[in-house]
Amino acid sequence: MVTQCPIRPGSRYTYRFSVSGQEGSLWWHAHSSFLRATVHGALIIRPSAGAYPFPKPDGEAVVVLGEWWDADIVLLERQAFLSGTQIPSADAYTINGKPNQTEKFSVRGNSTYLLRIINAALNTAFFFKVAGHTFTVVAADASYTTPYETDVIVIAPGQTVDALMAAGATPGCYYMEISSYQSAMPLRLGSFNIDVATAVVEYVGAAPTTDGGQQAAPARPEMPKPTDTATANGFYTGLTARVLPGRPTVPLAVDTRMFVTVGLGLSSCLPEQTSCNRSAPEAVATMNNESFALPTTTSLLDARYGKAPGGVYTNDFPDRPPVAFDYTNATGLLAGGAAAALSSTGRPTTKVRALRYNATVEVVLQNTALLGRESHPMHLHGFNFFVLAQGFGNYGGAASEQLNLVNPQQRNTIAVPTGGWVVIRFVADNPGMWFMHCHIDSHLSIGLAMVFAVEDGPTPDTKLPPPPPDLPRC
């Protein structure tokens with residue numbers, strides 16, 4: 001309901017698009033209800049010239065990380081909405097759609113493999129390791145990075161990481177393993193699945209045995225604790241861009257500046273939440289104290305193209321929160337007047353922020369602690385953005401934040417640090433209606449989103465094209 005109406009049951013629609021300016025691993029997925037739990041896949045973009053800016057690997061593998069529920073996920077999402085509760089945690093984690101020890105990756109000794117890692121999970125960030133092996137990260141979200149050496153990869157929902165793995169260990173079998181990274185503070189026990197998911201990396205022709213003649217069990221990596229924010233932050237902040245000729249560089253002059261709080265607050269039940277506990281507040285997600293609601297009659301893009309926003313959306317998404325306060329100090333926050341003001345949002349709204357074509361936009365995304373601090377993976381449709389800086393606490397505090405204007409990493413999804421902030425910058429050179437939302441779907445469904453309305457440019461090829469004749473209708 002942002003860029004199109006959903007594809008109706010029993011119908012089909014073919015997407016046609018141009019690929020330019022990106023190389024690496026992306027993915028496609030459904031954006032209706034919680035269907036993307038299983039409706040997703042990899043989208044691999046190879047260099048048109050056939051050469052990578054790093055040594056050519058001997059092989060490659062797509063590694064899609066996911067979650068599984070022993071129930072109808074659409075029904076779970078509907079029940080959660082009606083009752084004003086969160087969906088239960090996943091019953092299992094998966095690697096390439098398979099449970100523990102089912103997926104196998106065959107490698108040859110003294111070879112290098114490019115792992116294209118995609119986090120397709122609805123709600124879980126992951127630590128990723130392979131026992132006895134290390135990685136060189138070379139790209140993230142289809143943008144090349146300066147080679148980054150690590151033994152653990154941290155990947156939030158919606159993100160992709162391309163990493164080289166040298167198969168230089170003693171020939172045998174090794175577990176590839178994922179475990180959850182839980183950034184919420186305070187952490188609610190029972191709110192996530194503490195299990196791991198494993199696949200097997202097996203050297204061709206190797207079948208090591210124990211002294212008793214039995215085949216040895218694969219070696220297992222030592223995984224970080226679920227609450228290891230230091231390891232997660234070290235990975236997220238360690239990446240920088242690989243500056244290459246002809247690639248975009250950071251725009252230095254800023255036209256539009258926004259300061260946007262992201263987090264969870266409290267609100268009352270909506271009339272349509274028929275089984276909600278009306279005697280107690282329920283969790284609601286907000287950006288600048290606005291909880292986003294999708295339109296129900298037509299898509300935002302249809303309304304924008306037809307110049308008929310009335311009744312569909314308004315152009316008044318705020319550039320700043322209504323109240324400035326100590327955003328990440330959880331001590332006594334819910335008892336304060338600022339917290340009360342920022343928790344009582346009323347009904348969700350459909351507000352967008354209009355942007356002039358080709359404007360340079362800088363957005364500070366500030367985490368809040370109203371209901372606890374938590375890392376939110378914020379994804380922007382239609383654009384890559386530069387990640388200029390990130391840190392903990394309140395942005396603009398006593399210490400002056402240094403922005404990386406030389407080689408900042410480029411992303412389309414950034415994990416805002418738990419109890420912290422991130423500064424992003426992008427050029428609004430793609431006319432249309434573009435969703436910015438948390439890629440934790442249980443947060444998206446309760447309003448952690450907004451939309452940028454990018455105006456047309458001055459030339460025919462910088463204006464929004466007409467809708468294709470077979471575009472799904474509501």
Side-chain angles (χ1 to χ4, degrees), residues 1-7 13-23 26 28-29 31-32 43 45 48 141-143 246-258 260 287 292-319 349-363 378-386 410-413 424-437 449-474:
M1 298 303 291
V2 177
T3 54
Q4 69 170 82
C5 301
I7 302 170
Y13 178 62
T14 300
Y15 291 91
R16 303 166 182 87
F17 56 95
S18 298
V19 176
S20 62
Q22 291 178 296
E23 297 173 5
L26 293 173
W28 59 267
H29 57 81
H31 229 299
S32 179
L43 181 62
I45 306 170
S48 57
D141 293 352
S143 294
R247 297 288 177 176
T249 56
V250 183
L252 300 181
V254 177
D255 302 297
T256 301
R257 296 183 187 273
M258 301 175 66
V260 181
M287 298 179 68
F292 185 82
L294 290 166
T296 57
T297 57
T298 187
S299 75
L300 296 179
L301 193 61
D302 277 337
R304 178 202 183 283
Y305 182 78
K307 296 181 173 57
V312 181
Y313 67 89
T314 57
N315 281 300
D316 55 349
F317 181 83
D319 286 350
T349 57
T350 310
K351 295 186 177 184
V352 310
R353 175 57 160 90
L355 296 176
R356 176 178 56 81
Y357 177 80
N358 220 35
T360 296
V361 185
E362 183 175 290
V363 183
M378 299 301 297
H379 173 56
L380 177 59
H381 290 208
F383 301 93
N384 278 358
F385 50 76
F386 295 95
Q410 294 184 65
R411 286 277 197 177
N412 61 47
T413 305
I424 66 172
R425 190 178 292 182
F426 66 97
V427 177
D429 57 0
N430 192 4
M433 305 294 280
W434 299 112
F435 214 13
M436 173 180 266
H437 65 87
M450 58 84 64
V451 169
F452 286 111
V454 180
E455 298 173 355
D456 285 345
T459 62
D461 62 347
T462 60
K463 295 183 185 299
L464 186 68
D470 59 342
L471 187 71
R473 311 309 303 174
C474 292

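Since we're looking at a predicted model, the values are computed, not measured. Atoms considered below: every heavy atom in the structure, side chains included; atoms not considered: hydrogens, waters and symmetry mates.
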(request) Would you sort out whether Gln22 and Gln410 count as a side-chain contact (heavy atoms from CB on, under 4.5 Å), showing the intermediate values? (result) CA-CA 11 Å; Gln22 291 178 296; Gln410 294 184 65; over 6 Å; no
Taking distance alone, no hydrogens or angles, what donor-acceptor pairs closer than 3.5 Å link side-chain atoms of residues 304-312 to residues at least two apart or in another chain?
residue: Arg304; atom: NH2; partner: Val454; partner atom: O; Å: 2.8
residue: Arg304; atom: NH2; partner: Asp456; partner atom: OD1; Å: 3.4

(message) Measuring only between side-chain heavy atoms, which start at C-beta, is His31 closer than 4.5 Å to Val2?
(response) no
(request) May I ask you to test the Val451-Phe292 pair for a side-chain heavy-atom distance under 4.5 Å? (result) yes
(message) Rounded to the nearest 0.5 Å, what separates atom CD1 in Ile424 from atom CZ in Phe386?
(response) 11.5 Å
(request) Search all heavy atoms of Ala303 against all heavy atoms of Tyr313 and return the closest pair with its distance. (result) CB-CE2, 3.9 Å
(message) Just to verify, what does Thr349 make a side chain to side chain donor-acceptor pair (under 3.5 Å) with, not counting sequence neighbours?
(response) Glu290
(message) Is any side-chain heavy atom of Leu26 closer than 4.5 Å to one of Ile45?
(response) yes
(request) Return yes if some donor-acceptor pair links the side-chain N/O of Asn430 with the main-chain N/O of Gly382 below 3.5 Å, else return no. (result) yes
(request) Could you list all the ring-ring contact (aromatic ring centres under 6.0 Å, His included) pairs where at least one residue sits in residues 449-474, not counting sequence neighbours? (result) Phe426-Phe452
(request) Sequence neighbours left out, what passes side chain to side chain contact (heavy atoms under 4.5 Å, CB included) with Pro458? Give chain and number order. (result) Tyr357, Thr462
(message) Looking at every non-hydrogen atom in both residues, tell me the closest pair between Val352 and Ala453 and how far apart they are.
(response) CG2-CB, 4.1 Å
(request) Report yes if some heavy atom in the side chain of Asp255 is under 4.5 Å from a heavy atom in the side chain of Leu355; otherwise report no. (result) no
(message) Using 0.5 Å steps for rounding, measure from the CE atom of Met436 to the CE atom of Met378.
(response) 6.0 Å
(message) For Phe383 and Trp434, take the angle between the two ring planes, folded into 0 to 90°, and tell me which bin it lands in: parallel under 30, tilted 30 to 60, perpendicular over 60.
(response) perpendicular
(message) Minimum heavy-atom separation for Pro472 and Pro6, please, with both atom names.
(response) CB-O, 3.6 Å
(request) Taking side chain to side chain donor-acceptor pair (under 3.5 Å) as the test, write out the residues that go with Asn358, two or more places apart. (result) none
(message) Could you tell me if the side chain of Thr297 sits less than 4.5 Å from the side chain of Cys474, heavy atoms only?
(response) no
(message) Less than 4.5 Å apart, side chain to side chain, heavy atoms only: is that true for Ser143 and Arg247?
(response) no
(request) Report the residues that fulfil side chain to side chain contact (heavy atoms under 4.5 Å, CB included) with Glu362, sequence neighbours left out, ordered by chain and then residue number. (result) Val254, Arg257, Leu388, Leu403, Val423, Arg425
(request) Start with the C-alpha distance between Met287 and Met258, add both sets of side-chain angles, then the distance that settles side-chain contact (heavy atoms from CB on, under 4.5 Å), and finish with yes or no. (result) CA-CA 11 Å; Met287 298 179 68; Met258 301 175 66; over 6 Å; no
(message) If the condition is side chain to side chain contact (heavy atoms under 4.5 Å, CB included), which residues does Ala293 pass it with, not counting sequence neighbours?
(response) Pro348, Thr350
(request) Would you mind telling me which of Asn315, Asp319, Thr256, Asp316 makes a side chain to side chain donor-acceptor pair (under 3.5 Å) with Arg353? (result) Asp319
(request) Please list, chain by chain and in numerical order, all residues satisfying side chain to side chain donor-acceptor pair (under 3.5 Å) with Thr413, sequence neighbours excluded. (result) His379
(message) Going by the rule side chain to side chain contact (heavy atoms under 4.5 Å, CB included), which residues pair with Asp461 if we only count those two or more places apart in sequence or in a different chain?
(response) Thr459
(request) Classify the angle between the aromatic ring planes of Phe435 and His381 as parallel (below 30°), tilted (30 to 60°) or perpendicular (above 60°). (result) perpendicular
(message) Rounded to the nearest 0.5 Å, what separates atom CZ in Arg411 from atom CG in Asp141?
(response) 4.5 Å
(request) Using the salt bridge (charged side-chain N to carboxylate O under 4.0 Å, His left out) rule, collect all pairs that involve residues 465-474, keeping only residues at least two apart or in two chains. (result) Arg16-Asp470, Asp302-Arg473
(request) Mind checking salt bridge (Lys or Arg N to Asp or Glu O under 4.0 Å) for Asp429 and listing every partner two or more places apart, or none if nothing turns up? (result) none
(request) Under the side chain to side chain donor-acceptor pair (under 3.5 Å) rule, collect the residues that match up with Gln4, sequence neighbours excluded. (result) Tyr15
